[in-house]
J.: 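So that we are looking at the same thing, I have put the structure below in structure tokens.
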There are 2 protein chains.
Amino acid sequence: MTESAGAAGTGRDAEAVSRFVESFAAQLVEAGMQRMAARVFAALLASDSGAMTSAELGEQLQVSPAAVSGAVRYLAQVHMVSREREPGSRRERYRVHSDQWYEALTNRDAILKRWEQTLREGVDSLGATSPGGQRIAETLAFFEYLEGELTKLMDRWREHRDKTFGRG
Amino acid sequence: MTESAGAAGTGRDAEAVSRFVESFAAQLVEAGMQRMAARVFAALLASDSGAMTSAELGEQLQVSPAAVSGAVRYLAQVHMVSREREPGSRRERYRVHSDQWYEALTNRDAILKRWEQTLREGVDSLGATSPGGQRIAETLAFFEYLEGELTKLMDRWREHRDKTFGRG
DNA sequence: CGTTGTCTTCAGAAATTTGTGAAGTTAAGG
DNA sequence: CCTTAACTTCACAAATTTCTGAAGACAACG
């Protein structure tokens, strides 16, 4: 864990940070996230304070302000970062929360709801007694079950986390 | 639920089926799945027997055999369909199982494992005591917790499903 | 062992997505 | 108010993804 050239005095090994950011982002991309959004999110996750300005992000990731803007808009929409206006400044900071994954999963819940609606319509229009309708109904039942269980699971996680990491 | 022209005698409203297939596929695409894979999967889900041949899929979705081939290869890789050789024929059938989502989630588990590995490396190289390292460690803890809970959740689902739908 | 039906692979065309530079908008600070 | 820093929007270029037609491979059937 020695510091690479260029990171002198920062207390952080910029190269190690970048390596982590790029590998984790790549995996998020593989899972379906937009590339730039994934890179921004990973950079925030690895940052000291959990928050960075547009300029900082642009410099670390070597991209234009426009790219940062687009990525941040997406991440805010899916509740994976929040925006903060620095009081007495025209800069904005983008932040990951410690209960970030709680937020993200909660949002996932809304998506599940839309899926369920589509599945319900499918059951209706194919007929609940047709073989296809039955298969879709079982899928629907699974999602409904999952939705309820995920809520409980997240509650348990928060409790578990507080015990493990202290109120954070 | 009247039959549209062209579906006469099939006992299925082709237009209604297609409408469901395309809406559900669109939502899967939104969630990150490849378009053609999503359409094939939705078509199988809505089919009578839960299985279709390449030719049937090509005709219903109006795409080439090559496109079906690519989609099916992907779906098989992520365990969302299985392939069956029809005995005494050179045709293959592609099938969705009733415990399809169990399979899919189990596969998701493998992805989680890879994420965890990357996060562990991140904690190591940033240092477990650095602020960024701590944040990543908390993310790692969440995924580890999630992994264990998902396993239990899926077991409970199977039990719940058997009670609700009878042994499937 | 040749014929034929079925699936796969591959090169390339088409469509989509992604990121940039430049112009536009907003609000802080003088 | 005027200036200016910071973010956003937009049109376009580049890269990537997706699908097709054609050729190839494989296995069933005669």
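Worth knowing before you read on, the calculation uses all heavy atoms, side chains too, and leaves out hydrogens, waters and symmetry mates. In what follows, chains carry the letters A, B, and so on, assigned in the order in which the sequence lines appear, proteins first and then strands, with residues in each chain numbered from 1. In this text the structure is predicted, and so the values were computed from the model without any measurement.
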J.: Between B:M33 and B:M80, is there a side-chain heavy-atom distance shorter than 4.5 Å?
T.: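 With C-beta onward as the side chain, the pair touches.
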
J.: Within the structure shown, what part of the strands sits under 4.0 Å from A:R83 by heavy-atom distance: base, sugar-phosphate, or nothing?
T.: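 A:R83: backbone/sugar contact only, no base atoms under 4.0 Å.
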
J.: Closest approach of A:A37 and A:L75, non-hydrogen atoms and distance?
T.: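 Here A:A37 and A:L75 meet closest at O-CD1, 3.5 Å.
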
J.: Within the 4.0 Å heavy-atom criterion, would you say A:S69 contacts the bases, only the backbone, or no part of the nucleic acid?
T.: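 Base, at least one base atom sits under 4.0 Å.
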
J.: Nearest-Å distance, CZ (A:R85) to C1' (D:dA5)?
T.: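 From A:R85 CZ to D:dA5 C1': 11 Å.
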
J.: Atom CZ of A:R91 and atom C1' of D:dT8: how far apart are they, to the nearest Å?
T.: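 It works out to 18 Å between those atoms.
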
J.: Does anything in residues 20-63 of chain A form a ring-ring contact (aromatic ring centres under 6.0 Å, His included)? List the pairs, not counting sequence neighbours.
T.: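 Of all non-adjacent pairs touching residues 20-63 of chain A, those that pass ring-ring contact (aromatic ring centres under 6.0 Å, His included) are A:F20-A:F24, A:F24-B:W115, A:F41-A:W101.
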
J.: Just to be sure I understand the rule, does B:V63 reach a base, reach only the sugar-phosphate, or reach nothing, if contact means heavy atoms closer than 4.0 Å?
T.: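 Sugar-phosphate only.
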
J.: Is there a donor-acceptor contact under 3.5 Å from the side chain of B:E22 to the main chain of B:R19?
T.: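 Answer holds: no.
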
J.: What's the CD-C1' distance between A:Q34 and C:dT16, to the nearest Å?
T.: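 Going from CD in A:Q34 over to C1' in C:dT16 covers 13 Å.
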
J.: Quick check on C:dC7: is either OP1 or OP2 less than 4.0 Å from any side-chain nitrogen or oxygen of B:S54?
T.: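 Result: yes.
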
J.: Find the distance A:Y74:OH to D:dT9:P and express it as a whole number of Å.
T.: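 Result: 17 Å.
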
J.: Within this structure, what is the CD-to-C1' distance between A:E86 and C:dG29, rounded to whole angstrom?
T.: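 Going from CD in A:E86 over to C1' in C:dG29 covers 16 Å.
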
J.: Please report the shortest heavy-atom distance between B:S49 and A:R135, naming the atom on each side.
T.: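 Nearest pair, atom of B:S49 first, then A:R135: C-NH2, 3.3 Å.
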
J.: So that I know where these two stand, are A:W157 and A:Y102 an aromatic pair - ring centroids less than 6.0 Å apart?
T.: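 Distance test on ring centres: not under 6.0 Å, no.
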
J.: Between P on D:dT20 and CE on B:M36, what's the gap in Å once rounded to a whole number?
T.: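 Whole-Å distance recorded here is 6 Å.
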
J.: Could you state the atom-to-atom distance from CZ of B:R35 to C1' of C:dA14 in whole Å?
T.: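 In whole Å, C:dA14 C1' and B:R35 CZ are 13 Å from each other.
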
J.: Using five base pairs at each end, measure the axis-to-axis angle across the helix from C:dC1-D:dG30 to C:dG30-D:dC1 and round it to 10 degrees.
T.: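 That helix has its two terminal axes inclined by roughly 20°.
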
J.: Between the base of C:dT4 and the side chain of B:R90, is there a donor and acceptor pair under 3.5 angstrom?
T.: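 Check passes, donor-acceptor contact within cut-off.
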
J.: Start with the C-alpha distance between A:R93 and A:E84, add both sets of side-chain angles, then the distance that settles salt bridge (charged side-chain N to carboxylate O under 4.0 Å, His left out), and finish with yes or no.
T.: CA-CA 5 Å; A:R93 323 200 78 210; A:E84 308 176 344; 5.4 Å; no

J.: Between D:dT17 atom P and B:M33 atom CE, what is the distance in whole Å?
T.: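 My rounded result for the distance is 17 Å.
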
J.: Of all the nucleotides listed (C:dG19, C:dT9, D:dT20), which has the minimum atom distance to the side chain of A:A67?
T.: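 Of C:dG19, C:dT9, D:dT20, C:dG19 is nearest to the side chain of A:A67.
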
J.: Does A:G88 reach a base, just sugar-phosphate, or nothing at all? Heavy atoms under 4.0 Å.
T.: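 Since only primed, P, OP1 and OP2 atoms lie under 4.0 Å of A:G88, the category is sugar-phosphate.
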
J.: Using the closest heavy atom to pick a nucleotide of DNA chain C for each, name whichever of A:A66 or B:T53 lands nearer the 5' end.
T.: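 Result: B:T53.
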
